[in-house]
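Working notes, beginning with the structure itself.
All chains are named by letter (A, B, ...) in the order of the sequence lines, taking the proteins before the strands, and each is independently numbered beginning at 1. All values reported here derive from a predicted model rather than from experimental measurement.
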2 protein chains.
Amino acid sequence: MRTEIKSVRPERTLLRQTVTDRIKTYIIDNRLAPGAPLPTEAELCEALNASRSSLREAIKTLAALDIVEVRHGSGTFVGRLSLSALVESLTFRGLLSPDDDCRALLDLVEVRQLFEQGMATRIIERLDEEHLVELELAVVQLERSPSGGAAQVQADRTFHRLLMQPLGNQLVSQLTGAFWDVHAIVAPYLGMSSPEEDAEAVAAHRAMLEAARGRDVDAFTAAVAQHYAPVRRRIAATAGA
Amino acid sequence: MRTEIKSVRPERTLLRQTVTDRIKTYIIDNRLAPGAPLPTEAELCEALNASRSSLREAIKTLAALDIVEVRHGSGTFVGRLSLSALVESLTFRGLLSPDDDCRALLDLVEVRQLFEQGMATRIIERLDEEHLVELELAVVQLERSPSGGAAQVQADRTFHRLLMQPLGNQLVSQLTGAFWDVHAIVAPYLGMSSPEEDAEAVAAHRAMLEAARGRDVDAFTAAVAQHYAPVRRRIAATAGA
DNA sequence: GGACATTTGTCCGTATGTATC
DNA sequence: GGATACATACGGACAAATGTC
């Protein structure tokens with residue numbers, strides 16, 4: 001029957017959880033922006049009545065979600081709020097089932113295609129000359145870079161990012177980037193693509209750009225399908241093997 | 001000039017990180033399925049040459065991504081690989097910027113609408129009688145439940161989940177569920193919706209179902225727009241206030 | 001560049017709470 | 001209920017990284 005002082009707090013809920021919640025509400029209540037410094041571990045321990053171990057475990061949970069960012073020797077800061085956690089989740093899922101790998105990757109390709117085709121009308125509506133110039137640059141880089149090289153990969157990411165930018169929807173942009181990242185990480189585990197497939201993909205980017213330039217939604221949608229067709233073929237080929 | 005035994009390991013990378021990576025590869029290499037038990041903390045500590053603290057922090061990182069699941073007193077297991085991390089990220093983002101709250105929520109609504117409209121053709125193609133019966137059940141529950149009650153909310157989630165199910169795309173289903181969850185968590189911070197808006201939303205579900213029954217893609221797409229229109233109005237109203 | 005304080009990273013030992021048989 | 005196995009939580013100590021003077 002020892003009613004300790006502490007026995008009040010951990011009522012059926014884990015201390016770690018209450019600590020993470022209180023750190024989150026601290027950030028929200030103080031309107032802290034990404035990059036803003038948080039109190040040191042020692043200060044947080046005292047403020048939240050938790051040991052350093054518990055506090056650190058809570059912080060690691062928040063760091064995994066990019067809600068906070070920890071820098072060794074420097075301090076803890078509000079995170080960038082990226083979708084890095086989604087990328088980690090999906091890449092792990094993709095790598096986990098190698099036999100079923102095709103399924104996870106095919107699902108991903110379908111979603112990527114859904115985004116670009118579903119937004120086709122709005123993309124073409126809102127693209128202005130400036131966007132088109134940047135897209136042209138990306139396509140040229142795509143066409144001139146060595147096939148499969150880092151420069152080409154970078155240009156591909158830039159192209160798809162630029163496409164979504166005029167929508168002004170941050171979530172769409174970040175999801176697009178996240179899906180691209182997952183694809184780029186998991187894809188190498190498939191077989192190498194043939195030069196013909198690469199050329200086809202590059203041509204599809206050009207077709208998408210020209211369709212957008214001509215404000216032709218149907219042509220754009222068709223070009224998107226043309227873009228993902230070789231990707232699907234490659235995945236299917238690996239799945240069959 | 002002391003070349004310790006340990007100086008081999010922490011080469012510019014944190015021990016925690018190498019531990020998380022090795023646990024992930026352990027799961028992948030052993031083809032462990034969700035729910036499968038992992039070695040105990042003590043065993044993992046010895047196997048990975050890490051202290052309890054480092055190991056536990058690594059595990060907390062993986063738990064945040066639902067890659068592992070920890071049960072107090074029982075053990076550590078492979079996680080369900082849900083998108084809970086995405087839900088946490090997005091809800092936090094939604095709650096973080098109350099002034100800009102409208103923006104984050106509007107972006108979310110746009111994505112939800114994109115999914116259902118972009119998949120309209122395939123949804124209607126693949127819906128069979130069994131799916132339609134289940135959807136009918138959900139709509140009836142929606143129509144008969146008290147407005148805003150738990151039963152109605154549950155029926156709403158079921159309806160949108162059932163819609164995507166025939167696609168056979170797990171990623172689409174889980175993303176749809178995740179977005180719905182985020183919406184359900186953040187929405188209460190907006191003002192209460194009026195009975196008229198609720199009735200409009202319920203009617204939209206009925207319209208979606210009937211359009212699907214009639215295999216009418218255009219009517220379905222219109223009904224989806226009708227469904228999200230009152231949601232957008234409510235968000236805009238809060239943003240203006 | 002060097003000395004120093006600050007802050008996070010890692011380790012250890014111990015006690016407690018929880019689940020399972 | 002008891003026993004065992006396991007995760008949770010605490011506190012102290014030292015190492016490593018960072019920033020500053």
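Between the side chain of Arg52(A) and the base of dG9(C), at least one donor-acceptor pair of N or O atoms lies under 3.5 Å. Between the base of dT8(C) and the side chain of His72(A) there is a donor-acceptor pair shorter than 3.5 Å.
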- Message: Please evaluate residues Glu143(A) and His205(A) with respect to the criterion side chain to side chain donor-acceptor pair (under 3.5 Å), reporting the C-alpha separation (whole Å), side-chain torsions for both, the decisive distance (0.1 Å), and the verdict.
- Response: CA-CA 9 Å; Glu143(A) 291 167 335; His205(A) 286 91; over 6 Å; no
- Query: Can Asp21(A) and Gln17(A) be said to form a side chain to side chain donor-acceptor pair (under 3.5 Å), step by step?
  - Reply: CA-CA 6 Å; Asp21(A) 289 342; Gln17(A) 190 54 46; 3.3 Å; yes
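Atom-to-atom, CZ of Arg71(B) to C1' of dT8(D) comes out at 17 Å; the value is rounded to the nearest Å. Taking atom CG of Leu15(A) as the reference point, atom P of dT16(C) lies 16 Å away to the nearest angstrom. Per the geometry, CD belonging to Glu57(B) stands 16 Å off P belonging to dA7(D), to the nearest Å. Atom pair Arg16(A):CZ and dT18(C):C1' shows a separation of 14 Å (rounding to whole Å applied). In this entry the distance linking CZ of Arg56(A) with C1' of dT8(D) reads 17 Å, nearest Å. Distance, Phe77(B) CZ to dA5(D) C1': 12 Å, rounded to whole Å. As rounded to whole Å, 20 Å separates atom P of dT6(C) from atom CG of Leu38(A). For the pair Lys60(B) NZ and dA9(D) P, the computed distance is 8 Å after rounding to whole Å.
Side-chain atoms of Leu14(B) lie closest to dG9(C) of the nucleotides dC10(D), dT7(C), dG9(C). Among dA7(D), dT10(C), dA9(D), the nucleotide with an atom closest to any side-chain atom of Ser54(B) is dT10(C).
For the pair Ser74(A) and dT8(C), the criterion of a side-chain N or O lying under 4.0 Å from OP1 or OP2 is not met. For dG11(D), neither phosphate oxygen OP1 nor OP2 lies less than 4.0 angstrom from any side-chain nitrogen or oxygen of Ser53(A). Between Thr76(A) and dT8(C) there is a side-chain N or O to OP1 or OP2 distance below 4.0 Å.
dG1(C) is unpaired under the criterion used here, namely a Watson-Crick or G-U wobble arrangement in which both key atom distances are under 3.5 Å.
Taking the nucleotide of DNA chain D with the nearest heavy atom to each of Ala42(B) and Gly73(A), the more 5' of the two is matched to Ala42(B).
Inter-residue side-chain proximity for Leu32(A) and Phe77(A) is flagged as unmet; no heavy-atom pair is nearer than 4.5 Å.
More than 12 heavy-atom neighbours from other residues, nucleotides or ligands sit within 6.0 angstrom of CD on Glu136(B).
With 3.5 Å as the limit, one finds no donor-acceptor pair spanning the side chains of Arg93(B) and Gln170(A).
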